[in-house]
Amino acid sequence: MIEDLQQLKDQALTELAAAADADAVEAWRVKYLSRQGLLPVFLEKIKTLPKEQRPEAGKAANLAKLTISDAYEAKKEQFSTVTSSAPEDPTLPGRPVPWATQHVVNQTIDRVVQIFRRMGFALATGPEIDTEFYNFDALNTPADHPARNEQDTFYVDAPADRDGHRWLLRSQTSTVQIRAMQTQPPPIKIVAPGRCYRRDEIDATHGVFFHQIEGLVVDDGITLADLKGTMEYFFKEFIGADTRVRFRPHFFPFTEPSFEIDMARSGATMKGKEWLEIAGCGMVDPAVFDNVNIDSRRYTGFAFGMGVERLAMLRHGINDLRLIYENDLRFLSQFK
Ligand code: DAH
């Protein structure tokens, strides 16, 4: 037995010494050291020896194993990728660390907010997990409105709030309108950027989450002319003087009258379409004022909500929303 072991060891070391490259060393390892390799298989046999012979054989076997694995480690080192033994040169320039850029979504939000700040708007925020009250009821959205359906909105599996309202991932930033009006009397002039969630099929212009920027102005004597002027100014500032904007009559539960704003830019098309729907807006519905105890006979206001990703797509000529979230630096680092 011990002689056999000696022979196996010599054979292994000779073959190892002859291995001429990393592949040969690996083949050698598989042959001798892997689970079904010659050495482990041999060592298994020791267990079958008569009891008196086992201690001596075990000792010899351990020694052989150590010698072989030491030789293997040394040989492996020889072919490892670190081949240079030159001393380090501390005067070499360091590896450049690339500057990060702000994500195109945040760049877009910042730009939009900046423009509105110049017009005197303040920044407001609200929670992404909110109740149906803020997302629907207070916004005059009836119980049978499709957006309230479980297929359209993500409801959170949590106990209802004390008024029995369910929790959800907000489907629009319009929730912040209500929060703003609850916490301050008019005049109110806010913009509220943030993330929203919907159960949309993912495609070139839809995701399950996206960003909106909400706006709300409430004061004495606010008219539709203020809304139109504000929106037109904004889009020309944001995209460029060649931007065209059109207002299309629409319906939103919380504004009356309501419009959709479409925008086009010379030379740019989106999925082959010239006009891209970019925002909703309208005059605050008196029913909404009633929900937050603002005197609807005295005050009027306008509100708007727009999609940040779509603004970014139009501004930069991006043709697929999904690019924005793939986190491919080749794409993202274009936006400085
Ligand atoms: N919340 C609407 C949406 O998600 C957008 C919107 C439309 C916001 C009209 C408004 C508004 O403030 O007045 O589709």
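First listed ligand is number 1; within each ligand, the first listed atom is number 1. Worth saying up front: this structure is predicted, and the values here are computed from it rather than measured.
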Strictly below 4.0 Å, N to O, side chains only: are Asp137 and Arg148 in salt-bridge contact? yes
What class does the angle between the rings of Phe302 and Phe121 fall in, given that below 30° is parallel, 30 to 60° is tilted and above 60° is perpendicular? tilted
Exercise: do Tyr155 and Glu150 side chains pair donor with acceptor under 3.5 Å: no
So which protein residues pack against ligand 1 under 4.0 Å, heavy atoms counted? Gln172, Ser174, Gln177, Arg198, Gln212, Glu214, Phe252, Phe254, Thr255, Gly280, Cys281, Gly282, Ala303, Phe304, Gly305
Would you say the side chains of Gln212 and Gln172 form a donor-acceptor pair under 3.5 Å? no
Could you tell me whether the side chains of Ser171 and Asn135 share a donor-acceptor contact shorter than 3.5 Å? yes
Considering non-hydrogen atoms only, spot the tightest contact between Phe133 and Ile178 and give its length. CE2-CG2, 4.3 Å
